[in-house]
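Take a look at the structure set out below.
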Number of protein chains: 2
Amino acid sequence: MTFDAIDKKLLALLQADSKQTNKQLSLKLNLSVTAVYERIKKLENNGVISKYVALVKKDKVEKDFVAFCHIKLIQHSQAYVVKFEKEVANLEEVLECYHISGDYDYLLKVIVEDMEAFREFMVNKLTSINHIGSTHSMFVINEVKHTTAITV
Amino acid sequence: MTFDAIDKKLLALLQADSKQTNKQLSLKLNLSVTAVYERIKKLENNGVISKYVALVKKDKVEKDFVAFCHIKLIQHSQAYVVKFEKEVANLEEVLECYHISGDYDYLLKVIVEDMEAFREFMVNKLTSINHIGSTHSMFVINEVKHTTAITV
DNA sequence: AGTGAAAGTCAACTGTA
DNA sequence: TACAGTTGACTTTCACT
């Protein structure tokens, strides 16, 4: 689907705060409540908006340690790759996993309680997955920016 | 604050779908509607839930090209660092920016339309920020996992 | 901390232009 | 595609356990 200026602004508003009422949105967009309602439904039905979620503050739930892990596989046969991706996706500590270009095969974003928990995660969970050749971890010293909002 | 088993389950449910009504949640948690309401308010007031947002599907808005950029600064005086972090945070293409340990200083997650848009971003926006020493980009071939939900 | 019921507000669906 | 009005469902508050 295509987006006019109002759609784009609406998406920005909903990505910033999805708990706004249609009336609040209608005032910001200079539209009627029904028009806002119909535009939102259209965005939902077309799969542009995939879901609505609550965002949790890491430091409030003692999961303040973030690391990025590069991973190289030993070999890259279809079966190995599929199995690795499935097992990694099942790890709750892994929030993101990307197959990337470059020296390593994968980049993982891992979130745990502290360095000790990270060590445990590496030893007991990640490297217990077979076919991993080598890993290289980078620790987050400071989160400069983190948003889920895509500018349309 | 501390979380009992019900809080943890409630956080998981809200991180999966924040549009559920308190009635639906009350059934899943075997609680009254009011009890659910009060637990949610407590999580919000304590800052555990920072906000509610709509998640947008990248491929539906032609922002399907994701890259990770390593960045090294020329020098690391306080003034340079602050200025760099501020300017990077203002770039809409940069969804995430972390100060990290290792060979490079920063890791950025960048989302744009395509390779050409990425080239433009690098030339016109990113490297036009002063003090950048070197960069190293990795392109996402496939997104294996991506979740915003933290397991409490 | 929990509950049930009352009061106010909203989403969702009509009709109509 | 936009609007206004109606209805049932929801959030929020309150008195009480």
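We name chains A, B, ... by the order of the sequence lines, and we start the count at 1 in each one. What's counted below: heavy atoms across the whole structure, side chains too, no hydrogens, waters or symmetry copies.
- The separation between B:Asn30 atom CG and C:dG2 atom P is 12 Å, rounded to whole Å.
- With pairs defined as Watson-Crick or G-U wobble and both atom distances under 3.5 Å, the stems of at least three pairs that touch DNA chain C come out as C:1-14 with D:4-17.
- Remark: A:Gln78 CD is loosely packed, at most 12 non-hydrogen atoms of other residues, nucleotides or ligands lying under 6.0 Å away.
- Counting to the nearest Å, the P atom of C:dA11 and the OH atom of A:Tyr37 are 10 Å from each other.
- Within 6.0 Å of NZ in A:Lys58 there are more than 12 heavy atoms belonging to other residues, nucleotides or ligands.
- Atom CD1 in A:Ile40 sits about 13 Å away from atom C1' in C:dC10, given to the nearest Å.
- Take B:Tyr104 and apply the ring-ring contact (aromatic ring centres under 6.0 Å, His included) test, not counting sequence neighbours, and it matches B:His70.
- Between B:Asp4 and B:Arg39 there is a side-chain heavy-atom pair separated by less than 4.5 Å.
- Here the rule is ring-ring contact (aromatic ring centres under 6.0 Å, His included) with B:His131, and of B:Tyr80, B:Phe84, B:Tyr106 only B:Tyr80 fits it.
- The nearest whole Å value for the distance from the CD atom in B:Glu38 to the P atom in C:dG4 is 13 Å.
- In this structure, CG of A:Asn45 is placed 11 Å from P of C:dA12, rounded to the nearest angstrom.
- Whole-Å rounding puts the B:Leu25 CG to C:dT3 P distance at 14 Å.
- Contact check on A:Glu38 versus A:Lys42 returns no salt bridge, with no Lys/Arg side-chain nitrogen under 4.0 Å from an Asp/Glu carboxylate oxygen.
- Rounded to an integer number of Å, the gap from NZ of A:Lys41 to P of C:dC13 is 8 Å.
- Between the P atom of C:dA12 and the NZ atom of B:Lys19 lies a distance of 8 Å, rounded to the nearest Å.
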Next item on the list: Apply the test side-chain contact (heavy atoms from CB on, under 4.5 Å) to residues B:Val53 and A:Val53: give CA-CA distance (whole Å), side-chain angles for both, the deciding distance (0.1 Å), then the verdict.
Entry: CA-CA 6 Å; B:Val53 300; A:Val53 300; 4.0 Å; yes
Report, one pair per line, the protein and nucleotides 4-10 of chain D atoms (nitrogen or oxygen only) whose separation is under 3.5 Å.
unit_1, atom_1, unit_2, atom_2, d
D:dA4, N7, A:Thr34, OG1, 3.2

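- For A:Lys41, the NZ atom counts as densely surrounded, since its 6.0 Å shell holds more than 12 non-hydrogen atoms of other residues, nucleotides or ligands.
- Counted within 6.0 Å of CD on B:Glu116, heavy atoms from surrounding residues, nucleotides or ligands total more than 12; the atom is thus considered enclosed.
- Residue A:Arg39 has a polar side-chain atom (N or O) positioned under 4.0 Å from OP1 or OP2 of D:dA2.
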